[in-house]
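A quick note: this is a predicted structure, and the numbers were derived from the prediction, not measured.
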Amino acid sequence: MELPKQLFFFFLTLIFLSGDIGLQAEARVRHYGPTKLFVFGDSYVDAGNTRKDQPGSWKQPYGITFPGKPAGRFSDGRVFSDYIAKYLGLKSPVPYNLRKMMQNNLKYGMNFAYGGTGVFNTTSTNPNMTIQIDFFEKLIKENVYTASDLSNSIAYVSVAGNDYNYYLTINGSIQGFPSYIASVINQTTKDLIQIKNLGVKKVAIGGLQPLGCLPLITSTSSFQKCNETFNNLVAIHNNLLNQSITKLNQSYKGGFLIIDLFDSFTSVLNHPKTYNLHNELIPCCLGTSQGFTCGDVDNNNVKKYKVCENPKTAFFWDLFHPTQAGWHAVYNKLQNMNALSQLRN
């Protein structure tokens, strides 16, 4: 039986609210710098935009650590956008798809990110970065956010590798990878400029994490070691991104910054015991046989995945995404590196 549309969105809203209470309680006291956070990108920051009929995020066992049930995040709990909001003293921004049901929370910003997306079209049918920014621009034209709102806001952009995964899916060659990386950076730069030109005071983007350490890649070594070929390609991406941001800051006299996810991820993975993490490259949630992944069930609704005993000691949740504990460790490392202070200034 299909729920009426209004009732469906009502239940979505209840789930999102229950999943946000913990961080809201932590963040309700005071703001630190910007009063609004706008989030764009992919599953590393998606807090509930991806539809319930798509893989992951809204299915068991996602959300088992926080809030205790699936809440639209690609993790067992919180994701990186939640921690950025926490750092700024803000409630986690409302997912774009729930905006009409959560009018009172629009004052904290909005999350436009969708799992599986990139700056270009990918295998996902979700809105790419350009379309996400178009959604934002439409809200500005509708006066949901004013010039005054935007003048004290920050945007966070996540480009976590879906474009590159798609490139490999369409049998792109390793030889052609560097030129494709350049095209991804060029489009990313255009996106950052578009966000800034809409009036956002500051635009932050995550540097690309070590893709060669993702369980999808390390599975070929039984999750024993990272793939340096992929990490070398990531270095090209991050170097080009650094060059681009430097030029943008020269042209705009500041306003753009990079959050170093590569070094923070690498440091946590190299020193897992510091963060009470174990078996750092092994995902907590994994398919029980080939062709199945975290959250999958067979035609008889029998689970075809297994979950580790304690997700709080695992860095990776599934083949692509960190656990809440993993994100928390990265967040702590970024704070220790003083890499987040520019978000507040």
**Q** Classify the ring geometry of Y331 against H328: parallel below 30°, tilted from 30° to 60°, perpendicular beyond 60°.
**A**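 Rings of Y331 and H328: tilted, as their planes differ by 30° to 60°.
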
**Q** Got a second to check how far L241's CG is from I236's CD1, nearest 0.5 Å?
**A**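 The distance works out to 13.5 Å.
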
**Q** Does A160 offer a backbone N or O that forms a donor-acceptor pair with the side chain of Q209 under 3.5 Å?
**A**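 Here the side-chain-to-backbone pair exists.
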
**Q** Taking F292 as the starting point, is it possible to reach L216 by hopping between hydrophobic residues whose side chains are less than 4.5 Å apart?
**A**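 No; tracing contacts between hydrophobic side chains, which count when under 4.5 Å, never links both residues.
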
**Q** Quick one: are F74 and T50 in side-chain contact, heavy atoms under 4.5 Å?
**A**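 Heavy-atom side-chain distance check passes, below 4.5 Å.
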
**Q** Using a 4.5 Å cut-off on heavy atoms from C-beta on, say whether the side chain of S43 contacts that of H321.
**A**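 Touching, per the 4.5 Å side-chain cut-off.
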
**Q** Please determine whether the number of non-hydrogen atoms from other residues, nucleotides or ligands lying under 6.0 Å from atom CD of E309 exceeds 12.
**A**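 Open: at most 12 neighbouring heavy atoms sit under 6.0 Å from CD of E309.
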
**Q** So do F315 and V330 actually touch side chain to side chain, heavy atoms under 4.5 Å?
**A**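 The answer is yes, as the side chains (C-beta and beyond) meet within the 4.5 Å cut-off.
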
**Q** Report yes or no: do Y156 and L198 belong to one cluster of Ile/Leu/Val/Met/Phe/Trp/Tyr joined by side chain heavy-atom distances under 4.5 Å?
**A**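 Yes, because Y156 and L198 connect within a single hydrophobic cluster, where side-chain heavy atoms sit under 4.5 Å apart.
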
**Q** Establish whether V234 and Y166 are linked, either directly or via other cluster members, by ILVMFWY side-chain heavy-atom contacts under 4.5 Å.
**A**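 No, V234 and Y166 fall in different hydrophobic clusters.
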
**Q** Please check if the side chain of D298 supplies one atom and the backbone of N300 the other of a donor-acceptor pair under 3.5 Å.
**A**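 Flag set: sc D298 to bb N300 pair under 3.5 Å.
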
**Q** Hey, is C285 close enough to C308 that the SGs sit under 2.5 Å?
**A**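 Unbridged: C308 and C285.
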
**Q** Could you walk me through whether T189 and K247 satisfy the side chain to side chain contact (heavy atoms under 4.5 Å, CB included) test, starting with their C-alpha distance in whole Å, then the side-chain angles of each, then the deciding distance to 0.1 Å, before giving a yes or no?
**A** CA-CA 10 Å; T189 303; K247 290 178 182 177; over 6 Å; no

**Q** So, the side chain of T122 versus the backbone of S124: is there a donor-acceptor pair under 3.5 Å, distance only?
**A**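 Confirmed, T122 side chain pairs with S124 backbone.
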
**Q** For the pair E280 (side chain) and N270 (backbone), establish whether a donor and an acceptor sit closer than 3.5 Å, ignoring hydrogens and angles.
**A**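 No: the side chain of E280 does not pair with the backbone of N270.
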
**Q** So, for P67 and A71, which heavy atoms are closest and what is the spacing to 0.1 Å?
**A**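 What the structure gives for the nearest pair is CD-CB, 3.7 Å.
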
**Q** Atom CZ in F112, atom CD1 in I131: separation rounded to 0.5 Å?
**A**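 Rounded to the nearest 0.5 Å, the CZ-CD1 separation comes to 13.5 Å.
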
**Q** Mark yes or no for whether D82, through its side chain, and V79, through its backbone, hold a donor-acceptor pair below 3.5 Å.
**A**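 Checking the backbone N and O of V79 against the side chain of D82, a donor-acceptor pair under 3.5 Å is found.
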
**Q** Which distance, rounded to the nearest 0.5 Å, do you find between the CD of Q243 and the CG of N238?
**A**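 Output value for this atom pair is 11.5 Å.
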
**Q** Looking at every non-hydrogen atom in both residues, tell me the closest pair between A325 and L277 and how far apart they are.
**A**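 Looking at all heavy atoms of both residues, the shortest contact is CB-CD2, 4.1 Å.
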
**Q** Is it possible for you to say whether F40 and V144 belong to one hydrophobic cluster, with membership spreading through side-chain heavy-atom contacts below 4.5 Å?
**A**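 Same hydrophobic cluster.
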
**Q** For the residue pair Q187 and T130, establish whether any side-chain heavy-atom pair is separated by less than 4.5 Å.
**A**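 They are in contact (side-chain heavy atoms under 4.5 Å apart), so the answer is yes.
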
**Q** Evaluate the criterion side-chain hydrogen bond (donor to acceptor under 3.5 Å, both in side chains) for residue pair Q54 and N126; output intermediate values, then yes/no.
**A** CA-CA 10 Å; Q54 293 181 321; N126 286 327; 3.2 Å; yes

**Q** Counting only heavy atoms not in H278, do more than 12 sit closer than 6.0 Å to its NE2 atom?
**A**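 For H278, atom NE2 is crowded (more than 12 foreign heavy atoms under 6.0 Å).
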
**Q** Strictly distance-based, threshold 3.5 Å: is any side-chain N or O of S244 a donor or acceptor partner for the main-chain N or O of L240?
**A**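 Answer holds: no.
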
**Q** So do Q60 and Y305 actually touch side chain to side chain, heavy atoms under 4.5 Å?
**A**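 With C-beta onward as the side chain, the pair touches.
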
**Q** Determine, step by step, whether L343 and L257 satisfy the side chain to side chain contact (heavy atoms under 4.5 Å, CB included) criterion, reporting the C-alpha distance in whole Å, the side-chain angles of both residues, the deciding distance to 0.1 Å, and the verdict.
**A** CA-CA 8 Å; L343 294 175; L257 61 129; 4.0 Å; yes

**Q** In terms of heavy-atom contacts, does NZ of K59 have more than 12 from other residues, nucleotides or ligands at under 6.0 Å?
**A**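 More than 12 within 6.0 Å, yes.
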
**Q** Check the pair D149, T146 against side-chain hydrogen bond (donor to acceptor under 3.5 Å, both in side chains), reporting the backbone distance first and the verdict last.
**A** CA-CA 5 Å; D149 292 329; T146 65; 3.2 Å; yes

**Q** Taking the six-membered ring for Trp, are F135 and Y96 parallel (under 30°), tilted (30 to 60°) or perpendicular (over 60°)?
**A**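 Correct class here is parallel.
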
**Q** Does S267 reach the main-chain N or O of D263 with its side chain, forming a donor-acceptor pair under 3.5 Å?
**A**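 The answer is no, because no donor-acceptor pair under 3.5 Å joins these two groups.
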
**Q** Among Y44, W327, F265, which one satisfies ring pair (Phe, Tyr, Trp, His ring centres under 6.0 Å) with F80?
**A**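 Result: among Y44, W327, F265, W327 is the only option passing the ring pair (Phe, Tyr, Trp, His ring centres under 6.0 Å) with F80.
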
**Q** Hey, is NZ on K196 packed in by over 12 heavy atoms from elsewhere, all under 6.0 Å?
**A**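 Enclosed: over 12 neighbouring heavy atoms sit under 6.0 Å from NZ of K196.
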
**Q** Locate the shortest heavy-atom distance separating P210 from L261; write the atom from each residue and the value.
**A**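 Nearest pair, atom of P210 first, then L261: CD-O, 4.3 Å.
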
**Q** Would you call the rings of F120 and Y180 parallel, tilted or perpendicular, taking 30° and 60° as the class edges?
**A**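 If you compare the ring of F120 with that of Y180, the planes turn out tilted.
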
**Q** At what distance, to the nearest 0.5 angstrom, does CG of N105 lie from CE of M110?
**A**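 Between N105 CG and M110 CE, I get 10.0 Å after rounding to 0.5 Å.
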
**Q** Roughly how far, to the nearest 0.5 Å, is CG of L211 from CG of N165?
**A**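 Rounded to the nearest 0.5 Å, the CG-CG separation comes out at 9.0 Å.
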
**Q** Test your reading of the model: is there a side-chain donor-acceptor pair from N162 to the backbone of T117, 3.5 Å cut-off?
**A**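 Answer holds: yes.
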
**Q** Write down the atom of C284, the atom of A314, and the distance for their closest heavy-atom approach.
**A**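 Closest heavy-atom pair between C284 and A314: CB-CB, 3.9 Å.
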
**Q** Of the options N97, T125, D46, which is the one that meets Y114 in a side-chain hydrogen bond (donor to acceptor under 3.5 Å, both in side chains)?
**A**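 Going through the options one by one, the only one that passes is N97.
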
**Q** Looking only at non-hydrogen atoms, find the nearest pair between R99 and L139 and report the distance.
**A**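 Smallest interatomic distance, heavy atoms only, reads NE-CD2, 4.1 Å.
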
**Q** So, do Y87 and R344 sit near enough that their side-chain heavy atoms are less than 4.5 Å apart?
**A**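 Of all side-chain heavy-atom pairs linking R344 with Y87, at least one is under 4.5 Å.
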
**Q** Under a 4.5 Å side-chain heavy-atom rule over Ile, Leu, Val, Met, Phe, Trp and Tyr, are I259 and L208 clustered together?
**A**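 Yes.
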
**Q** Decide side chain to side chain contact (heavy atoms under 4.5 Å, CB included) for H237 and I185; before the verdict, give the C-alpha distance in whole Å, the side-chain angles of both, and the deciding distance to 0.1 Å.
**A** CA-CA 7 Å; H237 172 102; I185 294 298; 3.6 Å; yes

**Q** Does a side-chain heavy-atom distance below 4.5 Å link I64 with P311?
**A**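 Contact flag for I64/P311 side chains = yes.
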
**Q** Would a line drawn from the ring center of F38 to the ring center of F136 be shorter than 6.0 Å?
**A**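 For F38 and F136, the ring centres are under 6.0 Å apart.
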
**Q** Check whether T323 reaches the backbone of F316 with its side chain - one donor and one acceptor, N or O, closer than 3.5 Å.
**A**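 Side chain of T323 to backbone of F316: no pair is present.
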
**Q** Between NZ of K201 and CG of N152, what distance do you get to the nearest 0.5 Å?
**A**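 Nearest 0.5 Å value for the NZ-CG distance: 6.0 Å.
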
**Q** Compare all side-chain heavy atoms of L192 with those of V157 and state whether any distance is below 4.5 angstrom.
**A**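 Yes; the side chains approach each other to less than 4.5 Å.
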
**Q** For side chain to side chain contact (heavy atoms under 4.5 Å, CB included), just list the numbers for Y62 and C294, CA-CA rounded to whole Å, side-chain angles, deciding distance to a tenth of an Å, and then say yes or no.
**A** CA-CA 9 Å; Y62 288 80; C294 182; 3.7 Å; yes

**Q** Check whether any side-chain N or O of Q175 sits under 3.5 Å from a backbone N or O of S173 as a donor-acceptor pair, and report yes or no.
**A**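 Here the side-chain-to-backbone pair does not exist.
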
